[in-house]
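Keep in mind it's a predicted model, so treat the numbers as computed, not measured.
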Amino acid sequence: MSARQRVGKTKVKKKCCRSTPRCKRCPVTVMLKERKKAVKKAEKKTAKAAKAAKKAAKKAA
């Protein structure tokens, strides 16, 4: 038995209905939204690491 995936409070549909404005439950929309969120999280992490490195370099000098 495979359960449907949940993203937050939204239950993701198994198959896309290909309607013109894609619904929020559409697997395509959910995938794109999650990918965007992952990129944003990675950028935030690299910015935080760069800031820490800059602070360490300033402290060493």
Side-chain angles (χ1 to χ4, degrees):
M1 274 189 252
S2 64
R4 290 197 179 147
Q5 181 183 3
R6 282 189 169 273
V7 177
K9 293 181 180 180
T10 309
K11 188 188 292 184
V12 180
K13 294 193 300 185
K14 284 187 176 184
K15 190 174 180 183
C16 177
C17 60
R18 298 182 183 179
S19 60
T20 305
R22 296 203 191 259
C23 63
K24 292 176 184 176
R25 294 180 49 211
C26 178
V28 176
T29 307
V30 171
M31 178 191 65
L32 292 173
K33 190 175 180 182
E34 289 299 311
R35 190 178 292 166
K36 228 180 209 182
K37 192 187 295 185
V39 168
K40 195 172 183 180
K41 190 175 182 180
E43 286 175 353
K44 191 173 182 180
K45 192 174 184 178
T46 55
K48 190 175 181 180
K51 188 176 179 181
K54 193 175 182 181
K55 188 175 181 179
K58 188 176 179 182
K59 191 174 184 179

Interatomic distance, NZ@Lys33 vs NZ@Lys37, rounded to 0.5 Å, equals 6.5 Å
Heavy atoms of Arg6 and Lys9 approach each other most closely as NH1-O, 3.4 Å
Check: Thr29 side chain, Cys23 main-chain N or O, donor-acceptor pair, under 3.5 Å: yes
One should read off an interatomic distance between Cys26 SG and Met31 CE, to the nearest 0.5 angstrom, of 9.0 Å
Heavy atoms of Val12 and Pro27 approach each other most closely as CG1-CA, 3.8 Å
Closest non-hydrogen contact found for Thr10 with Lys24 is CG2-O, 4.1 Å
